[in-house]
**Q** 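Take a look at this one; I'll ask things after.
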Amino acid sequence: MNNTDFKSIIYATSPDGKVAYITLNRPKHFNAIDQNIPTELRAAVRLANFDPNVHCIVIKGNGPGFCGGYDLSTYAERAQRGQTEGSQDLSKGYDPFQDYLFMGEATDCYSELFRSHKPTIAQVHGAAVAGGSDIALCCDLVIMADDARIGYPPSRVWGCPTTAMWAHRIGAEKAKRMLFTGDLIDGKEAAAMGLVLKSVPEAQLEETVGLLVDRIKTVPINQLWMHKQVINSGIEGAVRSSQRLATIFDGITRNSPEGIAFQSTAMQSGFKAAVKQRDEAGNSDSYRERWKNKL
């Protein structure tokens, strides 16, 4: 696949050819993940890896945010019409193996950012939510806007983060806090807990990422590869094991009694209503402010 074949992303390189830019390009849908994004993302990372001029890769989103997760509203609308596909095709019953094959492929695509021979940097504005956080957290480095949000709300009902990068980035206790609550946090809090490298005002985001890649691209490609291999070797076995279990559990969460009830609400009242009911339970402005004041 070359850069002219992409439908849901844009692939480009900097004028000097040393930085590859992958832009999620479904702005009208908040760059929600469709059937194209996982495989196109993997293909773009490989394109950059085999380009002898590229030193590092930046991934970002077009429009109002980085990535709003899977385009589940589209899937929910199809389900209302009796049309199911992929991991939610239950016409013959729930088959955990078929579910694992489908979601495991998507997870493998996002993990290409973690396995990439060249450094990967996520530039996050707006929101990196649910599957969008999977993509961002697979990158080596994440720079967020102060007012951007990141989190995995489906951990409340109907999801488990299949890339399983939370604990590997912030440790067990903070990862449990994020997944037990499904909270969204802003860039400042994400940087404070060590989830991301840095948080800056959105107006400075592009410049900040630019300064970082300008520094990285002066290092020889082989040198960057060696450093990444040494660091990744310490966790890659644990990452693979975590991802296998998380991908299996993701399928179970979507087909547990609570997951089925969530789907029923989505079909009866609309997907947005189901998400609102799930994510706002106990998540009042009062809770958020009181919690932040305790940090």
Side-chain angles (χ1 to χ4, degrees), residues 26 29-35 37-38 65-107 110 127-137 149-166 175-185 242-285 287-288:
R26 301 187 72 227
H29 302 276
F30 296 94
N31 298 318
I33 300 164
D34 63 359
Q35 70 273 21
I37 282 180
F66 180 80
C67 177
Y70 285 91
D71 194 353
L72 296 177
S73 59
T74 298
Y75 293 126
E77 289 168 3
R78 290 173 181 167
Q80 286 179 311
R81 299 193 297 267
Q83 301 169 343
T84 55
E85 60 184 24
S87 64
Q88 285 307 110
D89 183 359
L90 305 180
S91 58
K92 297 180 181 179
Y94 169 55
D95 184 337
F97 178 62
Q98 291 301 317
D99 187 283
Y100 181 82
L101 286 179
F102 184 85
M103 292 306 300
E105 177 70 6
T107 301
Y110 308 145
V129 177
S133 68
D134 279 327
I135 293 173
L137 297 182
R149 296 167 296 148
I150 192 168
Y152 200 89
S155 67
R156 297 184 64 82
V157 174
W158 219 55
C160 182
T162 61
T163 60
M165 295 304 296
W166 291 88
K176 288 174 181 176
R177 178 251 152 155
M178 292 300 298
L179 298 184
F180 288 170
T181 64
D183 284 351
L184 295 177
I185 58 175
S242 298
Q243 288 180 345
R244 185 182 306 116
L245 187 61
T247 303
I248 293 170
F249 281 174
D250 183 61
I252 295 174
T253 65
R254 285 181 274 103
N255 295 280
S256 67
E258 296 82 2
I260 297 298
F262 176 85
Q263 292 182 65
S264 297
T265 301
M267 292 180 69
Q268 294 168 10
S269 305
F271 186 73
K272 290 182 179 180
V275 168
K276 184 177 181 180
Q277 179 179 311
R278 176 193 69 186
D279 295 351
E280 290 190 355
N283 192 25
S284 64
D285 290 339
Y287 157 74
R288 288 192 290 267

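Numbering starts at 1 and runs along the sequence shown.
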**Q** Within a 6.0 Å radius of atom CZ on Phe249, are there more than 12 heavy atoms belonging to other residues, nucleotides or ligands?
**A** no

**Q** Indicate the ring-plane relationship of Trp158 and Phe262, choosing parallel, tilted or perpendicular according to the 30° and 60° boundaries.
**A** tilted

**Q** With the side chain counted from C-beta on, respond yes when Tyr110 and Leu137 share a heavy-atom pair under 4.5 Å apart, and no when they do not.
**A** no

**Q** Rounded to the nearest 0.5 Å, how far apart are CG of Asp134 and CE of Met165?
**A** 9.5 Å

**Q** Could you measure the distance from the SG atom of Cys160 to the CD1 atom of Ile248? Nearest 0.5 Å is fine.
**A** 10.5 Å

**Q** If I take atom OG from residue Ser269 and atom CE from residue Met267, how far apart are they, to the nearest 0.5 angstrom?
**A** 11.5 Å

**Q** Is there side-chain contact between Val129 and Pro153, with heavy atoms separated by less than 4.5 Å?
**A** yes

**Q** Would you say the side chain of Thr265 lies within less than 4.5 Å of the side chain of Arg278, judging by non-hydrogen atoms?
**A** no

**Q** Measuring from Phe66:CZ to Asn31:CG, what's the distance to the nearest 0.5 Å?
**A** 8.5 Å

**Q** Mind checking whether Gln243 and Thr162 have side chains closer than 4.5 Å, heavy atoms only?
**A** no

**Q** According to side-chain contact (heavy atoms from CB on, under 4.5 Å), who are the partners of Leu101, at least two apart in sequence or on a separate chain?
**A** Phe97, Gln98

**Q** Quick one: closest heavy-atom pair of Ala128 and Ala136, and the distance?
**A** CB-CB, 4.4 Å

**Q** Nearest 0.5 angstrom please: Arg26 CZ to Asp71 CG, how far?
**A** 4.5 Å

**Q** Going by the rule side-chain hydrogen bond (donor to acceptor under 3.5 Å, both in side chains), which residues pair with Glu105 if we only count those two or more places apart in sequence or in a different chain?
**A** Arg42

**Q** Drop me the distance from His29's NE2 to Ile37's CD1, to the nearest 0.5 angstrom.
**A** 10.0 Å

**Q** Could you tell me which non-hydrogen atom of Ala106 sits nearest to which non-hydrogen atom of Tyr70, and how far apart they are?
**A** CB-OH, 3.7 Å

